[in-house]
Amino acid sequence: MRHWLMKSEPEVFSIDDLKENKKTSWEGVRNYQARNFMRDDMQLGDKVLYYHSNAEPTGVAGVAEVCRLAYPDPTQWDPRSKYHDASASREDPRWLMVDVKFVSRFSEVVSLESLKANPLLAGMPVLKRGMRLSVQPVSPEHFEEVVRLGIGGVA
DNA sequence: GCCAACGTTGGC
DNA sequence: GCCAACGTTGGC
């Protein structure tokens, strides 16, 4: 099993939204590297750190789990969608998405600041300057440490 | 709102 | 195939 980090702006779709809806389709990925991770490497049951970007605070808000393998993202064909891609054809879909389901919500977001301050998390991709990938792999060790921090925050 | 970092596009 | 221009991401 692999581990991942996926970014979402909580104003768009937060960990609370995921908790309420139980699951969601991860639409709107329009980056080839992120798509390829979903297409080639994600497996059912893979655990995901749910990361809030452009947030206060920014950081990991909980855990999700991959519950459907990569399949075509229909928003690529929808002219009204902000994710519309006029060059994507029905026959050869360019963009894919997975479904993820809610696993847990941390009582407090494990902030980016606290991630940076933790020596055990040195080298974690999300901490790299300029790292914009919205789907990124996480080592099992880093994953467990972030979960430990998140669970540790439970009152 | 600013802007650094990065990916993509398109002219050549 | 190079690379400047442009658009987007995302922390601050």
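FYI, side chains are in, hydrogens and waters are out, and symmetry mates aren't considered; it's all heavy atoms of this structure. Just so it is clear: chains get the letters A, B, ... in the order the sequence lines come, proteins before strands, and each one is counted from 1.
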### Query
With distance as the sole criterion, do the side chain of A/Arg132 and the base of C/dT8 form a donor-acceptor contact below 3.5 Å?
yes
### Atom-pair distance (CE on A/Met131; P on C/dG10), nearest Å
10 Å
### Task
Pick base, sugar-phosphate or nothing for A/Lys128, based on heavy-atom distances below 4.0 Å to the nucleic acid.
nothing
### Query
What's the verdict on ring-ring contact (aromatic ring centres under 6.0 Å, His included) for A/Tyr32 and A/Trp95, showing C-alpha distance, side-chain angles and the deciding distance?
CA-CA 8 Å; A/Tyr32 290 106; A/Trp95 303 113; 4.8 Å; yes
### Summary
By nearest-heavy-atom nucleotide on DNA chain B, the more 5' of A/Arg94 and A/Asn54 is A/Asn54
### Query
The side chain of A/Leu112 lies closest to which of these nucleotides: C/dC12, B/dT8, C/dG10?
C/dC12
### A/Asp85 CG - B/dT8 P separation (whole Å)
12 Å
### Query
Between A/Asn31 (CG) and B/dT9 (C1'), how many Å, whole number?
15 Å
### Task
Taking atom CD of A/Gln43 as the centre, report whether more than 12 heavy atoms of other residues, nucleotides or ligands fall under 6.0 Å from it.
yes
### Query
Would A/Arg39 count as a cation-pi partner of A/Phe37, with NZ or CZ less than 6.0 Å from the six-membered ring centre and within 45° of the ring normal?
no
### Query
Checking salt bridge (charged side-chain N to carboxylate O under 4.0 Å, His left out) for the pair A/Arg30/A/Asp73: CA distance, chi angles, key distance, verdict?
CA-CA 10 Å; A/Arg30 294 295 180 269; A/Asp73 177 348; 3.1 Å; yes
### Task
Give the rounded distance in Å between these two atoms: CE of A/Met6 and P of C/dT9.
15 Å
